[in-house]
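Below, all heavy atoms of this structure are taken into account, side chains as well, without hydrogens, waters or symmetry copies.
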Amino acid sequence: MLPCVDSDLNDLSAAVGGRPTWFAAGVTEREIGMVLGAHKQALRLSHRLLLILQPDVPEKVNEVLSQAASRNITTAQWDDGQFPDDTTQLLISSDAAERGLFFRLASVSFLGGTLIQGRSGGCDPLEAAALGSAILYGPRLRQFMPSYSRLAAAGAARIVNDVDALGTAVSRLIAPDQAATMAHAGWDVISQGAELTDRIIDLIQDALDRELSRT
């Protein structure tokens, strides 16, 4: 599992309170406007909704700020030590090392580089699933396709093809029962993989023990 600082999780959880929250990780430059457009769409149905957005490269934070301002989206910057208040609609982070924190906090996560590919290799969906976040992703997968396929087949991940589909999916999945169902399916996939790994290790150890007994 991706790590996080426990005090950051406690403090940010307290600041967010009971607000529905989704996380957009590794968002490419051309996806920034799409994600913000989907957020504006989802805000119409859930005015307290909070988006945490992390671009795929830190240098794109100013672009996120600029596009958010043009859409009248109120922002806070996690990198500057800011916490969201009741009026904050967008929390921006540039550090990919913080993904463990945000996957834990957000009930729904969109994994970037999948609607429009960027320079990074994208996000491993198993990292989000392991931390209990329902997963949304686009059709342009370059890496981790087997993992996305496993999670989608189990009902833990859902594909979205455009801005409207992303906004609609976020609106639906922030309902606690919907997100919990997908999160539980993700846990099943992760636990099955762990059980298989343990079984392979046991078989290898048994084979080594047999070889040692013959010498």
Evaluate side chain to side chain donor-acceptor pair (under 3.5 Å) for T181 paired with Q178, printing each intermediate quantity in order.
CA-CA 5 Å; T181 297; Q178 295 288 323; over 6 Å; no
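- Judged by distance alone, the side chains of S94 and D79 do bring a donor and an acceptor atom under 3.5 Å apart.
- With sequence neighbours excluded, the residues satisfying ring pair (Phe, Tyr, Trp, His ring centres under 6.0 Å) with Y137 are Y148.
- For R140, the CZ atom sits in a loose shell: 12 or fewer heavy atoms of surrounding residues, nucleotides or ligands are nearer than 6.0 Å.
- Counting non-hydrogen atoms of neighbouring residues, nucleotides and ligands closer than 6.0 angstrom, the CZ atom of R172 reaches no more than 12 such neighbours.
- T168 contributes no side-chain N or O that, together with a main-chain N or O of A165, makes up a donor-acceptor pair within less than 3.5 Å.
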Give the C-alpha distance, both sets of side-chain angles, the deciding distance and a yes or no for side-chain contact (heavy atoms from CB on, under 4.5 Å) between L91 and T75.
CA-CA 6 Å; L91 180 65; T75 65; over 6 Å; no
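- Considering OG of S109 and CH2 of W22, their distance stands at 9.5 Å, rounded to 0.5 Å.
- At most 12 heavy atoms of other shown residues, nucleotides or ligands fall within 6.0 angstrom of atom CG in D86.
- A distance of 7.5 Å separates CG of L126 from CD1 of I135, quoted to the nearest 0.5 Å.
- Interatomic distance, CG of L9 versus CZ of R104, reported as 7.0 Å (0.5 Å rounding).
- Closest approach of V160 and A169 over heavy atoms only: CG1-CB, 3.9 Å.
- Formation of a donor-acceptor pair under 3.5 Å by the K40 side chain with backbone atoms of R71 is found in this model.
- Judged by distance alone, the side chains of Q67 and S70 never bring a donor and an acceptor atom under 3.5 Å apart.
- Across all their heavy atoms, A68 and L90 have their closest contact at CB-CD2, 3.7 Å.
- Distance check, rounded to the nearest 0.5 Å: CZ of R44 to CG of L49 gives 12.5 Å.
- The hydrophobic cluster containing M1 also contains I190, counting ILVMFWY residues as joined when their side-chain heavy atoms lie under 4.5 angstrom apart, directly or transitively.
- The closest side-chain donor-acceptor pair between D85 and T87 falls under 3.5 angstrom.
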Taking it one step at a time, do F83 and D11 satisfy side-chain contact (heavy atoms from CB on, under 4.5 Å)?
CA-CA 9 Å; F83 283 82; D11 292 344; 3.7 Å; yes
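- Closest non-hydrogen pair, G155 versus A185, comes out as C-CB, 4.0 Å.
- Separation of atoms CG (L173) and CG (L136) is listed at 5.5 Å; rounding is to 0.5 Å.
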Report the C-alpha separation of Q77 and V61 in whole Å, then their side-chain angles, then the decisive distance to 0.1 Å, and conclude whether the side-chain contact (heavy atoms from CB on, under 4.5 Å) test is met.
CA-CA 9 Å; Q77 294 190 67; V61 165; 3.8 Å; yes
Stepwise, does the side-chain contact (heavy atoms from CB on, under 4.5 Å) test hold for F23 with V108?
CA-CA 6 Å; F23 176 37; V108 180; over 6 Å; no
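- Here the shortest heavy-atom pairing between V27 and L53 reads CG2-CG, 4.2 Å.
- Put simply, the side chain of Q41 gets close to the backbone of D164: a donor and an acceptor are under 3.5 Å apart.
- Heavy atoms only, all atoms of each residue included: G138 and T114 are closest at N-OG1, 2.8 Å.
- Note on ring orientation: taking the six-membered ring where Trp is involved, the planes of F102 and W78 are perpendicular (angle over 60°, cut-offs 30° and 60°).
- Side chains of P139 and I159 form a contact here, defined as non-hydrogen atoms less than 4.5 Å apart.
- When side chains are defined from C-beta on, S46 counts as touching I174, because their heavy atoms get closer than 4.5 Å.
- The two residues A42 and G167 have their closest heavy-atom pair at CB-O, 4.0 Å.
- Remark: side-chain polar atoms of D80 are not paired, donor with acceptor, to backbone N or O of Q82 under 3.5 angstrom.
- The side-chain heavy atoms of L12 and P84, taken from C-beta on, include a pair separated by under 4.5 Å.
- Proximity of a side-chain donor or acceptor of S66 to a complementary backbone N or O of N62 within less than 3.5 Å is not detected.
- Q89 pairs with exactly one of I73, L50, L36, L51 by the side chain to side chain contact (heavy atoms under 4.5 Å, CB included) rule, that one being I73.
- No side-chain donor-acceptor contact under 3.5 Å links Q143 to the backbone of C123.
- With E31 contributing its side chain and G113 its backbone, the two residues share a donor-acceptor pair below 3.5 Å.
- If you take CZ on R99 and CG on L111, they are separated by 8.0 Å, rounding to the nearest 0.5 Å.
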